[in-house]
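Here's the structure we're looking at; comments come further down.
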Amino acid sequence: VNALQVPNDELWYNKDAGQMLCELLVFRDLRDVQAELIATIVSAVISFGEDAISVIGFLVGFRVVYQAGRGAVPENAQETQWLLQMTMRSMQRAKEYSEYSVAHVHHGTHTLTN
């Protein structure tokens, strides 16, 4: 069972984007939610652009540099390293996608269909 599907007092879709990102990037055990984390980061960057990149960068830096949340436990060093690499790659790809989409829609090389 996916950890995000386990019932609890606060449903994930009732959280704001900042709270959701903070919980996933700093406090959540990532073993069972890697695909969801990548999707959340990509979605945030596509939806919120540079603002999301700033928040994600701050949270990952907070975990890596200041060893906040799960970063404080030495046994989680490999998870933190994976998180750092994955967030950088995911943000870069989402930004590339956003720029590609905007360029093609605004220059008429991409047609929208129903």
Side-chain angles (χ1 to χ4, degrees):
V1 173
N2 183 313
L4 295 179
Q5 295 174 337
V6 175
N8 62 30
D9 294 338
E10 189 175 17
L11 301 173
W12 67 269
Y13 51 81
N14 288 337
K15 299 176 184 183
D16 65 32
Q19 179 184 2
M20 181 84 162
L21 287 169
C22 183
E23 289 179 12
L24 286 172
L25 294 171
V26 179
F27 299 110
R28 173 74 66 176
D29 181 353
L30 302 178
R31 280 180 285 189
D32 299 331
V33 295
Q34 291 178 359
E36 290 84 356
L37 176 61
I38 293 169
T40 301
I41 289 171
V42 169
S43 178
V45 171
I46 290 171
S47 299
F48 303 112
E50 297 292 331
D51 293 335
I53 291 173
S54 297
V55 170
I56 293 166
F58 171 78
L59 292 171
V60 171
F62 191 59
R63 178 174 171 157
V64 172
V65 175
Y66 296 105
Q67 299 178 337
R70 291 183 56 81
V73 180
E75 292 80 31
N76 295 333
Q78 185 176 6
E79 177 185 274
T80 299
Q81 186 62 34
W82 175 85
L83 177 68
L84 177 61
Q85 294 172 359
M86 183 277 310
T87 53
M88 296 301 293
R89 191 169 46 250
S90 297
M91 288 189 302
Q92 180 182 6
R93 301 293 269 172
K95 190 165 171 48
E96 290 170 0
Y97 171 81
S98 294
E99 291 169 354
Y100 173 83
S101 295
V102 168
H104 283 77
V105 169
H106 288 294
H107 293 297
T109 57
H110 179 76
T111 57
L112 300 176
T113 60
N114 292 338

Interatomic spacing from CZ in R89 to CG in L84 - rounded to 0.5 Å: 10.0 Å
Partners passing side-chain hydrogen bond (donor to acceptor under 3.5 Å, both in side chains) against Q19 (at least two apart in sequence or in another chain): E10, E23
To check you understand the geometry: which heavy-atom pair defines the closest contact between L21 and L59, and what is its length? C-CD1, 3.7 Å
For L37 and L25, what are the C-alpha separation, side-chain angles and deciding distance, and is it a side chain to side chain contact (heavy atoms under 4.5 Å, CB included)? CA-CA 8 Å; L37 176 61; L25 294 171; 3.8 Å; yes
Tightest non-hydrogen contact, residues L24 and L30, listed as O-CD2, 3.4 Å
Taking all non-hydrogen atoms of both residues into account, name the closest pair between M91 and I53 and its distance. SD-CA, 4.0 Å
Among all residues two or more places apart in sequence or in another chain, which pass the side chain to side chain contact (heavy atoms under 4.5 Å, CB included) test with V42? I38, I46, S90, A94
Holding to side chain to side chain contact (heavy atoms under 4.5 Å, CB included), I want the full list of residues that pass it with Q34, two or more places apart in sequence or in another chain. W82
Partner set under ring-ring contact (aromatic ring centres under 6.0 Å, His included) for F58, not counting sequence neighbours: F62
Applying ring pair (Phe, Tyr, Trp, His ring centres under 6.0 Å), which residue pairs with at least one partner in residues 35-55 are found, sequence neighbours left out? none
Sequence neighbours excluded, which residues qualify as side chain to side chain contact (heavy atoms under 4.5 Å, CB included) partners of E75? V73
Search all heavy atoms of A52 against all heavy atoms of A44 and return the closest pair with its distance. CB-O, 3.3 Å
By salt bridge (Lys or Arg N to Asp or Glu O under 4.0 Å), R93 pairs with (sequence neighbours left out) E96
Which residues satisfy the side-chain hydrogen bond (donor to acceptor under 3.5 Å, both in side chains) test with Q67, sequence neighbours excluded? none
Can you list every salt bridge (Lys or Arg N to Asp or Glu O under 4.0 Å) pair that touches residues 45-58, not counting sequence neighbours? E50-K95
Under the ring pair (Phe, Tyr, Trp, His ring centres under 6.0 Å) definition, can you give me all pairs with a residue in residues 24-43, not counting sequence neighbours? none
Pairs satisfying salt bridge (Lys or Arg N to Asp or Glu O under 4.0 Å), at least one member in residues 54-73, at least two apart: D29-R70, R63-E79, R70-E79
All heavy atoms of V33 vs all of R28, minimum pair found to be CG2-CG, 3.8 Å
